[in-house]
K.L.:
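Let me give you the structure first, and then I'll get to my questions.
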2 protein chains.
Amino acid sequence: MSRHKLYNSDEVLEKAMHVFWNNGYENTSVRMLEKEMGINQFSIYSSFSNKHNLFIESLKKYREYVNKNVYADLLKPGARLKDLELFLNRFTEHKKTGKKYKGCLVVNSTGEINPADDVVSVELNNYYMFIKGMLKTVLSNSIEAGDISADTDIDVYSNFLLGVMQGLSVGAKVLPGNQIRDIIKVSLSVFK
Amino acid sequence: MSRHKLYNSDEVLEKAMHVFWNNGYENTSVRMLEKEMGINQFSIYSSFSNKHNLFIESLKKYREYVNKNVYADLLKPGARLKDLELFLNRFTEHKKTGKKYKGCLVVNSTGEINPADDVVSVELNNYYMFIKGMLKTVLSNSIEAGDISADTDIDVYSNFLLGVMQGLSVGAKVLPGNQIRDIIKVSLSVFK
DNA sequence: ATTATAACAAAGCATATGCTTAGATATATT
DNA sequence: AATATATCTAAGCATATGCTTTGTTATAAT
């Protein structure tokens, strides 16, 4: 009955996500998206309606992406405090290689986006709740493993750790490595 | 020998700072600046060269502004731990009034700006070093007052607190009040 | 009073922006 | 084979963007 798409919507969406991640929302033009996604503007608009919506979809995709590529170790069954420590220390890794840390797409967007943009705000919150859930599981596993005190208030401490991660996502973009290491060290000391 | 300026450069700069603070760098147009600063584009360009430079100047102005209007209590001679606690709790105040917290101009910009923009990066770092200096003084005062252990490593803990503040600047824009309070509570517990 | 200079307002410039339209092409159904 | 429909490319649209130019006005020195 009709012609087939020459592209996979999910694949081009992931490419769009990377463009937003690299440049931020406002600094990403539809021409840039067109080029990186490898499809025509017509196709972008017919698949994703408009730039704002494509951004929302990219935020959702980002959650999927980090799930597989960034938080994999922390999401493994039984992940506990030492895994969290290993993970947090990755915020300092790029300093050795000399590369610039581009930050977390969601944290960057939290800074950039107008707080009155409710559609985006909801999606940002979804992400943070996903992270918090992960942290709760890690803390729960850590109690079970005897890493931390059994009466640790998991909800309170997962909120704290979420805050620490938000701070690191900002700090790691501009602060020297030793400052980042201090933040991690003191943050984890609350479990001792 | 010539006509006088009808505006005060420093006053219109402060207005420009607020426009950037409210909208972010990319989402601020020269037309918006023109309107809010109350001067013509010609005057903007003759006083501040270009938009990028006006932004840099606005970042410097911001430091001056928060010095007077945001951190005044923490910069008072002898400010110590309880003052820091009072200050941090302000991150939750806007929740009661229902207003949206627009964040810290510098933290927002850290998220938005391309890390490769060295001119901006330097200015962001200047700001963070200003905050860190303030925190060091507060910690030093706190030791002197006997609030915290005398062998507290001021440098390490000021780095930690800077990280906490960066986290709160992000978190307070989107997270519920109780989560912010948890972050503050646990953060300050490291001094007990 | 004349002149030189700098600030002013407003229009203008080239280009970039988000998004749409027009026409060609491919494919599944009849 | 003919038709209908969804996809493709590429050009186009109105407006917004950062920045400049033009011509006028005010002021200080001559």
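Naming convention: chains lettered A, B, ... in sequence-line order (proteins, then strands); numbering from 1 in each chain. The analysis underlying the following values was restricted to heavy atoms, covering all of them including side chains, and did not include hydrogens, waters or symmetry mates.
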K.L.:
Taking DNA chain D as the partner, which of residues 40-49 of chain B come within under 4.0 angstrom of it by heavy atom?
P.N.:
B:Gln41, B:Phe42, B:Tyr45
K.L.:
Output the rounded distance in Å from CG (A:Asn53) to C1' (C:dG18).
P.N.:
14 Å
K.L.:
Could you check how far CE of B:Met37 sits from C1' of C:dA9, rounded to whole Å?
P.N.:
16 Å
K.L.:
Picking from C:dG18, D:dG18, D:dA6, which would you name as closest to the side chain of B:Lys51?
P.N.:
D:dG18
K.L.:
Under 3.5 Å, side chain of A:Ser142 to main-chain N/O of A:Val138, donor-acceptor pair present?
P.N.:
yes
K.L.:
Mind checking what makes ring pair (Phe, Tyr, Trp, His ring centres under 6.0 Å) contact with B:Phe55, not counting sequence neighbours?
P.N.:
B:Phe20, B:Tyr25
K.L.:
Ignoring hydrogens and angles, are the base of D:dT7 and the side chain of A:Arg3 linked by a donor-acceptor pair under 3.5 Å?
P.N.:
yes
K.L.:
Using a 4.0 Å heavy-atom cut-off, does B:Leu6 contact any base of the nucleic acid, only the sugar-phosphate backbone, or nothing at all?
P.N.:
sugar-phosphate
K.L.:
In whole angstroms, how far is the P atom of C:dA28 from the NZ atom of A:Lys5?
P.N.:
15 Å
K.L.:
Suppose we screen for ring pair (Phe, Tyr, Trp, His ring centres under 6.0 Å). Which residues come up paired with A:His52, at least two apart in sequence or across chains?
P.N.:
none
K.L.:
Test of understanding: clusters of I, L, V, M, F, W, Y form through side-chain heavy atoms closer than 4.5 Å, transitively. Do A:Leu124 and A:Val70 belong to the same one?
P.N.:
yes
K.L.:
Quickly, which of A:Thr28, A:Asn23, A:Asn27 forms a side chain to side chain donor-acceptor pair (under 3.5 Å) with B:Glu26? Name it, please.
P.N.:
A:Asn27
K.L.:
Hey, are B:Asn126 and B:Glu123 close enough side-chain-wise for a donor-acceptor pair under 3.5 Å?
P.N.:
yes
K.L.:
The helix from C:dA1-D:dT30 to C:dT30-D:dA1: angle between its terminal axes, five pairs each, to 10°?
P.N.:
10°
K.L.:
Starting at atom CG of A:Asn8, determine the distance to atom P of D:dT7, rounded to an integer number of angstrom.
P.N.:
14 Å
K.L.:
Closer than 3.5 angstrom, by distance alone: can the side chain of A:Asp83 be matched with the main-chain N or O of A:Arg80 as a donor-acceptor pair?
P.N.:
yes
K.L.:
Listed by chain and number, what are the side chain to side chain donor-acceptor pair (under 3.5 Å) partners of B:Asn50, not counting sequence neighbours?
P.N.:
none
K.L.:
OP1 or OP2 of D:dA6 sitting under 4.0 Å from any side-chain N/O of A:His4?
P.N.:
no
K.L.:
Using the salt bridge (charged side-chain N to carboxylate O under 4.0 Å, His left out) rule, take B:Arg90 and B:Asp73 through it: C-alpha gap first, then chi angles, then the decisive distance, then the call.
P.N.:
CA-CA 12 Å; B:Arg90 289 206 222 144; B:Asp73 290 349; 3.5 Å; yes
K.L.:
Is B:Tyr7 close enough to C:dC8 that one of its side-chain N or O atoms is under 4.0 Å from OP1 or OP2 there?
P.N.:
yes
K.L.:
Counting only non-hydrogen atoms, which of residues 14-33 of chain B are less than 4.0 Å from DNA chain C?
P.N.:
B:Arg31
K.L.:
What do you reckon, is NZ of B:Lys102 surrounded by more than 12 foreign heavy atoms closer than 6.0 Å?
P.N.:
yes
K.L.:
Determine, stepwise, if the pair A:Ile183 / A:Phe91 fulfils side chain to side chain contact (heavy atoms under 4.5 Å, CB included).
P.N.:
CA-CA 11 Å; A:Ile183 295 170; A:Phe91 278 103; over 6 Å; no
